[in-house]
Amino acid sequence: MALRSNIIASALAFVIGAADWEIVRNLGARREAWDDPTYWRLGYPILVLAAFLMGMIWRERPWQWAIWLVAGQAAWSLLLAASHDGIPNLLPLGLIMFGLLCIPCLLAAYLGRWIAERVSI
């Protein structure tokens with residue numbers, strides 16, 4: 001049952017990341033979600049909050065929730081870019097940026113686990 005729960009949570013995190021990217025991209029006027037201020041005011045805080053909540057609910061290996069959330073965004077971004085123009089020239093820099101965006105999500109997921117363990121949820 002734990003494996004099934006882990007697979008479902010991983011898929012949920014991936015979908016949340018991709019949906020967050022797509023919603024912000026459609027709300028803004030830019031091709032890339034992070035080029036729009038809405039991403040930094042709304043989209044990215046939602047991603048960090050999702051990592052925090054997932055860390056509270058699924059406490060084992062909270063680092064994976066941050067990775068799946070950001071991987072969802074990276075995969076969706078790459079899919080959109082590849083469908084429009086082919087593989088983007090700045091792909092390596094974009095992947096580095098996604099890696100950097102993962103750090104606060106990692107911290108939030110571990111904070112969520114820490115709080116859940118202290119409160120005994």
Side-chain angles (χ1 to χ4, degrees):
M1 186 66 173
L3 178 63
R4 183 175 170 178
S5 174
N6 194 23
I7 291 171
I8 291 170
S10 298
L12 177 66
F14 190 87
V15 169
I16 289 171
D20 182 59
W21 184 269
E22 184 62 17
I23 290 168
V24 171
R25 194 178 70 81
N26 285 320
L27 286 175
R30 313 275 170 82
R31 268 177 63 178
E32 297 287 331
W34 59 26
D35 290 339
D36 196 282
T38 306
Y39 179 78
W40 301 106
R41 282 188 241 138
L42 179 66
Y44 190 61
I46 288 173
L47 203 67
V48 173
L49 178 63
F52 175 79
L53 293 174
M54 292 188 85
M56 287 184 84
I57 297 168
W58 294 282
R59 295 182 209 156
E60 188 174 324
R61 297 185 306 264
W63 54 267
Q64 64 187 338
W65 313 131
I67 290 173
W68 280 115
L69 285 163
V70 175
Q73 288 198 337
W76 189 249
S77 169
L78 180 60
L79 179 71
L80 291 173
S83 69
H84 287 269
D85 302 325
I87 301 297
N89 293 336
L90 296 175
L91 177 63
L93 292 175
L95 293 176
I96 291 169
M97 182 65 177
F98 279 116
L100 292 173
L101 291 176
C102 196
I103 295 170
C105 292
L106 282 167
L107 297 173
Y110 275 97
L111 178 64
R113 179 178 82 171
W114 184 79
I115 289 173
E117 288 174 349
R118 298 304 177 265
V119 177
S120 298
I121 294 176

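Connection of Trp76 to Val15 is not established within any shared hydrophobic cluster, with ILVMFWY side chains joined at heavy-atom distances below 4.5 Å, either directly or through further cluster members. Linking ILVMFWY side-chain heavy atoms closer than 4.5 Å, directly or via other members, places Leu101 and Ile16 in a single hydrophobic cluster.
Put simply, SG on Cys105 and CG on Leu100 are 11.5 Å apart, with the number rounded to the nearest 0.5 Å. In this structure, OG on Ser77 lies 10.5 Å from CD on Glu22, to the nearest 0.5 angstrom.
Note on ring orientation: taking the six-membered ring where Trp is involved, the planes of Phe14 and Trp68 are perpendicular (angle over 60°, cut-offs 30° and 60°). Between Phe98 and Trp34, the ring-plane angle classifies as tilted under the 30° and 60° cut-offs.
Here the closest heavy-atom approach between residue Arg113 and residue Arg59 is recorded as CD-O, 2.9 Å. Looking at every heavy atom in both residues, Pro62 comes nearest to Gly55 through CB-CA, 4.4 Å. Pairing each heavy atom of Asp20 with each of Gly43, the nearest pair is OD2-O, 2.9 Å. The two residues Leu78 and Leu91 come nearest to each other via the heavy atoms CD1-CD1, 3.8 Å.
A donor-acceptor pair shorter than 3.5 Å can be found between the side chains of Gln64 and Asn6. Judged purely by distance below 3.5 Å, without hydrogens or angles, the side chains of Tyr44 and Gln73 never pair a donor atom with an acceptor atom.
Exactly one of Val119, Leu111, Ile115 qualifies for a side chain to side chain contact (heavy atoms under 4.5 Å, CB included) with Met56. That residue is Ile115.
Contact check for Glu32 versus Leu80: no side-chain heavy atoms found under the 4.5 Å cut-off.
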